[in-house]
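Beneath this line is the structure, given in structure tokens, with notes to follow.
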Amino acid sequence: MENVIIIGSGCAGWTSAIYTARANLKPLLLTGGQPGGLLTTTGVVENFPGFPEGIDGVEMMMRMQKQAERFGTRVEYGVQITKVDFSKRPFKLWADDQLFESQTVIIAVGASHRHLGVPGETELERKGVTYCATCDGALPVFRNQPLVVVGGGDSACEEATYLTHFGSKVYLIHRRDQLRASKIMADRVLNNPKIQPVWNSVVTEVLDVKQDKVTGVKLRNLQTSAVSELACAGVFGAIGHIPSTGVFTGQIERDADGYIICRQGTNTSVTGVFAAGDCVDRTYRQAITAAGTGCAAAIDSERFLNSCLI
Ligand code: NAP
């Protein structure tokens with residue numbers, strides 16, 4: 001029987017582990033299928049306070065893990081939860097046939113970027129294809145080069161605007177002729193001379209796998225079916241996120257897009273189950289904000305356990 005099980009090993013998960021371990025709760029952290037979470041798919045993290053020269057995303061996660069283990073966190077690698085029963089405490093969690101039981105659970109399973117699903121995208125990930133302008137936009141490879149952002153929502157507008165500080169020009173590829181983004185973000189894009197919207201168009205291929213780097217994209221106009229090529233050094237996918245919360249269907253409250261709904265801090269709809277990081281947050285999605293809510297979830301779970309003892 002565990003005091004606290006943490007599901008997920010991104011910024012939120014490791015921070016929860018550091019805090020619950022230091023509270024002497026001997027947490028058990030289940031890493032999930034992608035140890036380290038989304039940050040391991042990015043390059044240098046330059047915006048996490050305390051690292052003025054930046055830090056490699058993988059190294060950052062390894063350091064957080066070391067810190068969590070130093071205070072007594074136990075780690076189960078590659079364990080992917082396939083079923084949960086949160087109907088009563090102790091909570092039950094299964095990874096296939098393996099059963100875990102715990103008095104509290106911190107869900108920090110993160111979210112994954114929705115992919116374009118076109119040829120060249122996977123092959124050129126981290127070689128010019130990325131899903132986070134804030135993380136990667138300032139990399140030398142993108143400086144003074146034409147860049148492509150795909151999407152028409154707030155994320156795409158935010159990324160496109162941010163990228164104008166680095167790229168020579170930013171093309172915003174959107175499948176319709178109207179942005180979904182809020183008016184203020186859309187206006188910012190439409191009034192920026194460095195951003196050129198490409199309407200009614202989708203990316204059909206990222207070029208060039210043979211050169212092992214991004215050199216451009218193939219486009220198809222959805223109205224005319226015309227096919228064209230656009231030269232660029234980077235492709236920033238911003239077509240939404242998918243919170244990795246499917247396994248909790250019917251167990252805790254989630255919104256229509258699958259984000260876990262928290263009330264009063266990190267409390268989910270089940271007392272004793274807390275949630276933190278990108279699986280809750282559809283707005284900020286930064287390493288530092290995930291770490292912050294991971295800390296909050298740890299404190300909330302510690303307080304809950306203390307209240308059970310009174
Ligand atoms: P989003 O609002 O769901 O927008 C996704 C965009 O990608 C849409 O324009 C959509 O096109 C397009 N898209 C989806 N699937 C596609 C596909 N397969 N191929 C091509 N295009 C595709 O996602 P988001 O922009 O990440 O925003 C998510 C939430 O976070 C929103 O509530 C947003 O307001 C919020 N957010 C807020 C801020 C801020 O306030 N600073 C910043 C970022 C995000 P359609 O328009 O045709 O559907």
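All ligand and atom numbering here is 1-based and tracks the order in the structure.
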Looking only at non-hydrogen atoms, find the nearest pair between Q103 and R89 and report the distance.
-> OE1-NH1, 2.8 Å
Of all the non-hydrogen atoms in the protein, which one sits nearest to atom 15 (N) of ligand 1, and at what distance?
-> R175 NH1, 3.6 Å
Any N or O on V150 sitting closer than 3.5 Å to an N or O of ligand 1?
-> no
Is G151 close to ligand 1, meaning an N/O of one under 3.5 Å from an N/O of the other?
-> no
Would you say Q178 touches ligand 1, if touching means a heavy atom closer than 4.0 Å?
-> no
In ligand 1, the atoms that come under 4.0 Å of a heavy atom of M185 are 39 (C), 41 (N), 42 (C)
Candidate list V217, V148, L219, L172, test side-chain contact (heavy atoms from CB on, under 4.5 Å), partner V198, passing option | L219
Test item: side-chain donor near acceptor, N144 and S168, under 3.5 Å | no
Measure the distance from atom 33 (C) of ligand 1 to every protein heavy atom, then report the residue, atom name and distance (to 0.1 Å) of the closest one.
-> D154 OD2, 3.4 Å
Below 3.5 angstrom, do we get any N/O pair linking S155 and ligand 1?
-> yes
Does the N or O separation between R114 and ligand 1 drop below 3.5 Å for any pair?
-> no
Identify, by atom number and element, the atoms of ligand 1 in contact range of R176, meaning under 4.0 Å from any of its heavy atoms.
-> 45 (P), 46 (O), 47 (O)
Identity and distance of the protein heavy atom lying nearest atom 23 (O) of ligand 1 = G240 CA, 3.8 Å
D208 and T215 side chains, donor-acceptor separation under 3.5 Å = no
Measure E159 to ligand 1 on non-hydrogen atoms and call it side chain, backbone, both or neither using the 4.0 Å cut-off.
-> neither
How close does the nearest protein non-hydrogen atom get to atom 9 (O) of ligand 1, and which residue and atom is it?
-> G152 N, 3.0 Å
Within 45 degrees of the axis of the six-membered ring of F71 and under 6.0 Å from its centre: does R22 put its NZ or CZ there?
-> yes
The closest protein heavy-atom partner of atom 21 (N) of ligand 1 is I239 CG2, 3.5 Å
Partner of I173 by side-chain contact (heavy atoms from CB on, under 4.5 Å), out of V149, V235, L230 | L230
Ignoring hydrogens, just give me the one of H113, E158, R282 whose non-hydrogen atom is nearest atom 31 (C) of ligand 1.
-> R282
Where does the angle between the aromatic ring planes of H113 and Y131 fall among parallel (under 30°), tilted (30 to 60°) and perpendicular (over 60°)?
-> parallel
Parallel, tilted or perpendicular, as decided by the 30° and 60° cut-offs, for the rings of F86 and F248 = parallel
Output yes when D96 and K83 qualify as a salt bridge under the 4.0 Å nitrogen-oxygen rule, no when they do not.
-> no
Taken to the nearest 0.5 Å, the spacing of R263 CZ from S269 OG works out to 7.5 Å
When you measure from atom 28 (C) of ligand 1 to every protein heavy atom, which one gives the shortest distance, and what is it?
-> R285 NH2, 3.6 Å
Please report which non-hydrogen protein atom sits nearest to atom 3 (O) of ligand 1, along with the residue it belongs to and the distance in Å to one decimal place.
-> R180 CD, 4.5 Å
